[in-house]
Visitor: 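Got a structure here, written out as structure tokens. Questions coming.
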Amino acid sequence: MQTINLSGKIAVVSGASSGLGADAARAYAEAGADVALFARRRDKLESVAKELTGIGVRAIAVACDVTDEQSVKDAVAEVIRVFGRIDILLNNAGVAVCGGVTTLTSEDWDKAFNTNLKGMFFTGKYVIPHMIAQNYGKVVNVSSVNAFIADKNDIFIRHTYNASKAGILGLTRGMAASYGRYGITVNAVCPGLFESEMTSGTLFKSDAFLRAYSEQCPMGRPGHRGEEAGPVLFYSSDLSSYVTGQYTIVDGGTCLV
């Protein structure tokens, strides 16, 4: 039976300093891939990189602000300098800005879209050419269940999150259609509620929200750390060699209700 083996592959993970990004980086390392970690907080990246090298792979921490084009360009160049190639790109960097269209400022809107969507444009702009040159690449974009469902509770309204995460699905389909001829697949994962640095100080602090979410979710709970890794690994491996432009919702069935 085939299993997921990423030995010899080079993976880039944005938003890798904590949460789902760090968990995905660990999953890549456990599958045998060498990993380049992108995020703004180099100290946290160094800690994750040290953990990954303990697994037995190569890992580097590259300070990178995905909203800054030059920063992304320099970070990708550093990966090429160290590893010589990029086989996998996990676009995970993201922010959640609370508020609706009647309360958000232009700065709020730009912050969310610059990180969640424009950042993927920048990483794709500088990584995809290397994948085209080698006629191979696996791109995985992290969207969200909030591309499909929204919260009517005023405390957790996040219209920029809904809009930008839905935009990621459109970008995923466009990239998949354009670059499939070069042996590149582009897919997305859409996580539901997982505890992370972004959610632990907000959603996980509200017992009322957690009860409501758990009652709505057919599996009766938020996701556990690492449960999103399966679809990420599948889309990053050759098991998905004929799958592109698709998405997988990882939400315990919440979208079914």
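From a predicted model like this one, the values you see are computed outputs, not experimental measurements. Residue numbers start at 1 and run along the sequence shown.
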Visitor: Working to the nearest 0.5 Å, report the span between CD of Glu51 and CG of Leu37.
Guide: 10.0 Å
Visitor: Roughly how far, to the nearest 0.5 Å, is the CZ atom of Phe121 from the OH atom of Tyr126?
Guide: 7.5 Å
Visitor: Under the side chain to side chain contact (heavy atoms under 4.5 Å, CB included) rule, what do Ser164 and Thr115 come out as? Steps first, then yes or no, please.
Guide: CA-CA 9 Å; Ser164 59; Thr115 303; over 6 Å; no
Visitor: How close do Pro231 and Val250 get, counting heavy atoms only, and between which atoms?
Guide: CG-CG2, 3.7 Å
Visitor: I want to check something: taking the side chain as every heavy atom from C-beta on, are Val140 and Asn187 in contact at a cut-off of under 4.5 Å?
Guide: no
Visitor: Donor-acceptor pair, Asp251 side chain versus Gly192 backbone, under 3.5 Å?
Guide: no
Visitor: Step by step, would you call Arg173 with Leu169 a side chain to side chain contact (heavy atoms under 4.5 Å, CB included)?
Guide: CA-CA 6 Å; Arg173 290 172 63 85; Leu169 298 180; 5.7 Å; no
Visitor: Nearest 0.5 Å, please: how far is CZ in Arg85 from CE in Met131?
Guide: 9.5 Å
Visitor: Just by modelled atom types, is the Ser214 backbone N or O under 3.5 Å from a matching donor or acceptor in the Gln216 side chain?
Guide: no
Visitor: Would a distance-only check, ignoring hydrogens and angles, find a side-chain to backbone donor-acceptor pair under 3.5 Å from Thr123 to Gly119?
Guide: yes
Visitor: Show your working on side chain to side chain contact (heavy atoms under 4.5 Å, CB included) between Phe38 and Asn92 and close with a plain yes or no.
Guide: CA-CA 10 Å; Phe38 285 9; Asn92 172 73; over 6 Å; no
Visitor: Under 4.0 Å between a Lys/Arg side-chain N and an Asp/Glu carboxylate O for Asp23 and Arg26?
Guide: yes
Visitor: For the atom pair CZ (Phe122) and CG (Asp65), what is the distance rounded to the nearest 0.5 Å?
Guide: 9.5 Å
Visitor: Measuring only between side-chain heavy atoms, which start at C-beta, is Ile55 closer than 4.5 Å to Glu30?
Guide: yes
Visitor: How far does CZ of Arg81 sit from CG of Asp74, to the nearest 0.5 angstrom?
Guide: 12.0 Å
Visitor: Considering all heavy atoms of both residues, which atom of Trp109 and which atom of Ala163 are nearest to each other, and what is their separation?
Guide: CH2-CB, 4.1 Å
Visitor: Might you point out which heavy atoms bring Ser241 and Thr185 nearest each other, and give the distance in Å?
Guide: O-CG2, 4.0 Å
Visitor: Report the C-alpha separation of Gln134 and Asp87 in whole Å, then their side-chain angles, then the decisive distance to 0.1 Å, and conclude whether the side chain to side chain contact (heavy atoms under 4.5 Å, CB included) test is met.
Guide: CA-CA 9 Å; Gln134 65 196 26; Asp87 302 296; 3.4 Å; yes
Visitor: For Ala63 and Ser71, work out which heavy atoms get closest and say how close.
Guide: O-OG, 4.3 Å
Visitor: Whether the side chain of Lys138 engages the backbone of Ser237 through a donor-acceptor N/O pair (distance < 3.5 Å, no angle test) should be reported.
Guide: yes
Visitor: Quiz question: by atom type and distance under 3.5 Å, do the side chains of Asp108 and Thr105 form a donor-acceptor pair?
Guide: yes
Visitor: Check Glu227 against Phe194 and note the closest heavy-atom contact, atom names and distance.
Guide: CB-CE2, 4.0 Å
Visitor: Could Lys9 and Tyr136 be counted as a cation-pi pair, given that NZ or CZ must be under 6.0 Å from the ring centre and within 45° of the axis?
Guide: yes
Visitor: Is it true that Tyr247 and Ser143 share a donor-acceptor pair across their side chains at a distance under 3.5 Å?
Guide: no
Visitor: Under a 4.5 Å cut-off applied to non-hydrogen side-chain atoms, are His130 and Val76 in contact?
Guide: yes
Visitor: Under a 3.5 Å threshold, yes or no: a donor from one side chain and an acceptor from the other, between Lys111 and Thr160?
Guide: no
Visitor: Answer yes or no: is there a side-chain heavy-atom contact under 4.5 Å between Ile184 and Ile132?
Guide: yes
Visitor: Indicate yes or no: at least one non-hydrogen side-chain atom of Cys255 is less than 4.5 angstrom from one of Val145.
Guide: yes
Visitor: State, to 0.1 Å, how close Ala59 and Ala49 come at their nearest heavy-atom pair, and which atoms those are.
Guide: CB-O, 3.8 Å
Visitor: Is there a donor-acceptor pair closer than 3.5 Å between any side-chain N or O of Asn162 and the backbone N or O of Asn146?
Guide: yes
Visitor: With hydrophobic residues grouped by side-chain heavy-atom distances under 4.5 Å, do Ile249 and Met219 end up in a single group?
Guide: no
Visitor: Once you round to the nearest 0.5 Å, how far does CG of Asn116 lie from CG of Leu171?
Guide: 12.0 Å
Visitor: Please determine if Lys50 and Glu46 form a salt bridge, counting it only when a charged side-chain N lies under 4.0 Å from a carboxylate O.
Guide: no
Visitor: Between the main-chain N or O of Val189 and the side-chain N or O of Thr248, is there a donor-acceptor pair closer than 3.5 Å?
Guide: no
Visitor: Please check if the side chain of Ser14 supplies one atom and the backbone of Ala93 the other of a donor-acceptor pair under 3.5 Å.
Guide: yes
Visitor: Can you tell if the side chain of Glu78 reaches within under 4.5 Å of the side chain of Cys64, non-hydrogen atoms only?
Guide: no
Visitor: Are the side chains of Met175 and Ile128 in contact, using a 4.5 Å heavy-atom criterion?
Guide: yes
